[in-house]
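What follows is a set of notes on a single structure, which appears directly below.
A quick note: this is a predicted structure, and the numbers were derived from the prediction, not measured. Computed over heavy atoms, backbone and side chain alike; hydrogens, waters and symmetry mates excluded. Sequence lines set the chain letters: A, B, ... in the order given, protein chains first and strands last, and positions in each chain run from 1.
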Amino acid sequence: MTWELVAGSVHEAAPGLIGWTLLLDGVGGRIVEVEAYAADDPASHSYRGRTPRTEVMFGPPGRLYVYRSYGLHWCANVVCEEDGRGAAVLLRALEPTRGLDLMRARRGLDDPRLLCAGPGRLTQALGLTDEHNGADLTKPPFALVPPSAPVAVEQSPRIGITKAVEKPWRYVEAGSSWSSRARRAA
DNA sequence: CAGTGGATGCTCT
DNA sequence: GAGCATCCACTGT
């Protein structure tokens, strides 16, 4: 099936993904922080056109785009927009809900607040790597569960980029203490 | 607490 | 050969 939420504009899909539960082999949690990377967005990997790395971004929506960040970490994106122009949503933080013990073991720490608070952290906690690049998020081993109640979402500038810094395309669940920047305020 | 810098590999110029 | 959509350990208060 085509997944309606991600088939539309990335600017609606990104806030719309907040509150969904993402699982890989039954391990994961609620999405509480994402960033939108649009087509024609200088900060997006797709901006310079199609390359072997970004190939998946130009394919059907609802797939995973996985890339290596700073030589160390994996980062995961949900491909959006069915016209294949290269839009995607970067997953930045989850509220861990399922498979806590496995995530603790993979991350090598106990504090649940540090398990999935950051794009590199959440991929490590879920065991998500480039072998999942191009995978369909609606099919096993992945699962996506919609939120059971409406979610309040706040908007702010994106983190860690050097281009289009002013665009407020980071979306966080309002009041969440599970986002990658929550510990700063706490 | 805050701030700094090292690890590390792949992509594109 | 530069530049990253990062994380963590370390420093100094």
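- The phosphate of B:dT11 has neither OP1 nor OP2 within less than 4.0 Å of any side-chain N or O from A:R48.
- At whole-Å resolution of the value, CG in A:N133 and P in B:dG9 are 19 Å apart.
- Of the side-chain N and O atoms in A:T51, one or more sit less than 4.0 angstrom from OP1 or OP2 of B:dC12.
- Note: CG (A:L114) to P (C:dA9) measures 11 Å, nearest angstrom.
- Evaluation of A:Y70 against the base of B:dG9 yields no stacking contact (centre distance < 5.5 Å, interplanar angle < 30° required).
- Side-chain nitrogen and oxygen atoms of A:R68 include none within less than 4.0 Å of the OP1 or OP2 phosphate oxygen of C:dC4.
- The OH atom of A:Y47 sits 14 Å away from the P atom of C:dC4 (whole-angstrom rounding).
- In this pair, A:H45 and A:Y67 present their aromatic rings perpendicular. The plane angle is above 60°, beyond the 30 to 60° band.
- Between A:H45 and B:dT11 there is no side-chain N or O to OP1 or OP2 distance below 4.0 Å.
- The cationic atom of A:R30 (NZ for Lys, CZ for Arg) does not lie both less than 6.0 Å from the six-membered ring centre of A:W20 and within 45° of the ring axis.
- Listed pair A:T162 / C:dC4 meets the phosphate criterion, a side-chain N or O lying under 4.0 Å from OP1 or OP2.
- What separates CG of A:L90 from C1' of C:dA5 is a distance of 6 Å, to the nearest Å.
- Within the model, atoms CZ of A:F58 and OG1 of A:T51 stand 7.5 Å from one another, a figure rounded to the nearest 0.5 Å.
- Sequence order on DNA chain C of the closest nucleotides to A:I159 and A:L109 puts A:I159 first from the 5' end.
- Here C:dC8 sits opposite B:dG5 as a Watson-Crick or G-U wobble pair (both hydrogen-bonding atom distances under 3.5 Å).
- Taking atom NE2 on A:H73 and atom C1' on B:dG6, their separation rounds to 11 Å, with Å as the unit.
- Contact of the A:R92 side chain with the A:P119 side chain is registered, since non-hydrogen atoms from C-beta on lie closer than 4.5 Å.
- Rounded to whole Å, atom C1' of B:dA7 lies 14 Å from atom CD of A:Q124.
- Atom CD of A:E55 is separated from atom C1' of B:dC10 by 17 Å (rounded to the nearest Å).
- Distance, A:R107 CZ to C:dT6 P: 15 Å, rounded to whole Å.
- Taking both residues in full, the closest heavy atoms of A:L114 and A:R121 are given as O-CD, 3.7 Å, listed atom of the first, atom of the second, then distance.
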